[in-house]
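Read the structure below first, then the notes.
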Amino acid sequence: STINGGFPIPFSGTSNIRFVDGASAIATAGVTDSGSGNSPSTATGSFSSASLASALAVGTHVIQAQYQGDGTNYAPSNSSTQTINVVPASTSIITSGFTASPSRTVASGTSVTLSVKISPDSSVQANAQKPSGYVTFTATPRAGGASTVLGSAPVNALTGVAFVNVTTQAIGSFDVTATYSGDGNYN
């Protein structure tokens with residue numbers, strides 16, 4: 001945000017620009033005088049969304065910059081508002097994280113744990129909420145036939161992993177698919 005003093009009077013003291021989302025403060029940036037001595041004096045302050053404690057949630061946000069004043073030459077003032085619409089991010093299912101334990105070949109009647117890791121797309125900042133929701137595991141016989149839902153499991157908020165324990169019944173080869181349900185923040 002840039003502050004235009006309107007006069008060739010420098011900004012003095014220490015001042016900040018507070019960025020708000022509605023009534024909630026989301027960031028504060030120190031003000032630096034341009035030091036040009038030109039008329040009008042200008043000062044700038046900025047922040048990156050990556051520096052926020054947590055990313056803005058999905059939905060509409062009304063952002064405003066609020067200059068706090070310098071205590072000597074310039075009084076506090078507010079910018080006009082800017083509306084930002086945050087949409088759900090894409091996720092990717094890391095296929096290398098899809099595992100069957102104890103192994104991919106088991107005897108009928110054996111218990112198998114299927115797990116998969118859900119990760120946000122690389123464009124999602126590290127401070128964003130982690131994916132939640134459910135993963136549904138489905139088996140389809142390679143020889144043909146109807147698919148069978150093996151189970152559904154919640155995504156662990158800390159690890160991003162969802163898993164189900166199943167007991168094998170049929171003999172044969174199966175393609176197992178993990179389908180992520182999405183949540184309010186991710187598709």
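What you are looking at is a predicted structure, and each value in this text was computed from that prediction instead of being measured.
- Counting heavy atoms from C-beta outward, P131 and P120 have side chains that approach closer than 4.5 Å.
- Here S132 pairs with D183 under the side-chain hydrogen bond (donor to acceptor under 3.5 Å, both in side chains) rule; sequence neighbours left out.
- Of all non-hydrogen atoms in G184 and V58, the two that sit nearest each other are O-CG2, 3.5 Å.
- Residues V86 and I63 are members of one and the same hydrophobic cluster, defined by side-chain heavy-atom contacts under 4.5 angstrom among Ile, Leu, Val, Met, Phe, Trp and Tyr.
- At a threshold of 4.5 Å between non-hydrogen side-chain atoms, the residues Q66 and I17 do not count as touching.
- Within the model, atoms OG1 of T28 and CZ of F19 stand 8.5 Å from one another, a figure rounded to the nearest 0.5 Å.
- Note that CD1 of I26 is 5.5 Å distant from CG of D21, once rounded to the nearest 0.5 Å.
- The line from OG1 of T140 to CG of D175 is 6.5 Å long, rounded to the nearest 0.5 Å.
- Separation of atoms NE2 (H61) and CD1 (I84) is listed at 8.0 Å; rounding is to 0.5 Å.
- Formation of a donor-acceptor pair under 3.5 Å by the S181 side chain with backbone atoms of Y134 is found in this model.
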Counting only pairs under 3.5 Å, give me each side-chain donor-acceptor contact of residues 148-159, with atom names and distances, residues two or more places apart or in other chains.
residue, atom, partner, partner atom, Å
S152, OG, V135, O, 3.4
S152, OG, T136, OG1, 3.3
N156, OD1, L158, N, 2.7
N156, OD1, T159, N, 3.0
N156, OD1, T159, OG1, 3.4
T159, OG1, V161, N, 3.2

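- Remark: the backbone N or O of A65 is paired with a side-chain donor or acceptor of S79 at under 3.5 angstrom.
- Neither F174 nor L114 shares a network with the other; the hydrophobic side chains, linked directly or stepwise wherever heavy atoms of I, L, V, M, F, W or Y lie under 4.5 Å apart, form separate groups for each.
- Residues I171 and S108 share a closest heavy-atom pair of CG1-CB, 4.1 Å.
- Using a 4.5 Å heavy-atom threshold, the side chains of V116 and F137 count as touching.
- Taken to the nearest 0.5 Å, the CD atom of Q82 stands 10.0 Å off from the CD atom of Q64.
- V176 and F163 sit in two unconnected hydrophobic clusters of ILVMFWY residues. Membership requires side-chain heavy atoms under 4.5 Å apart, directly or through other members.
- Using a distance-only test at 3.5 Å, with no hydrogens or angles considered, a donor-acceptor pair links the side chain of T168 to the main chain of A107.
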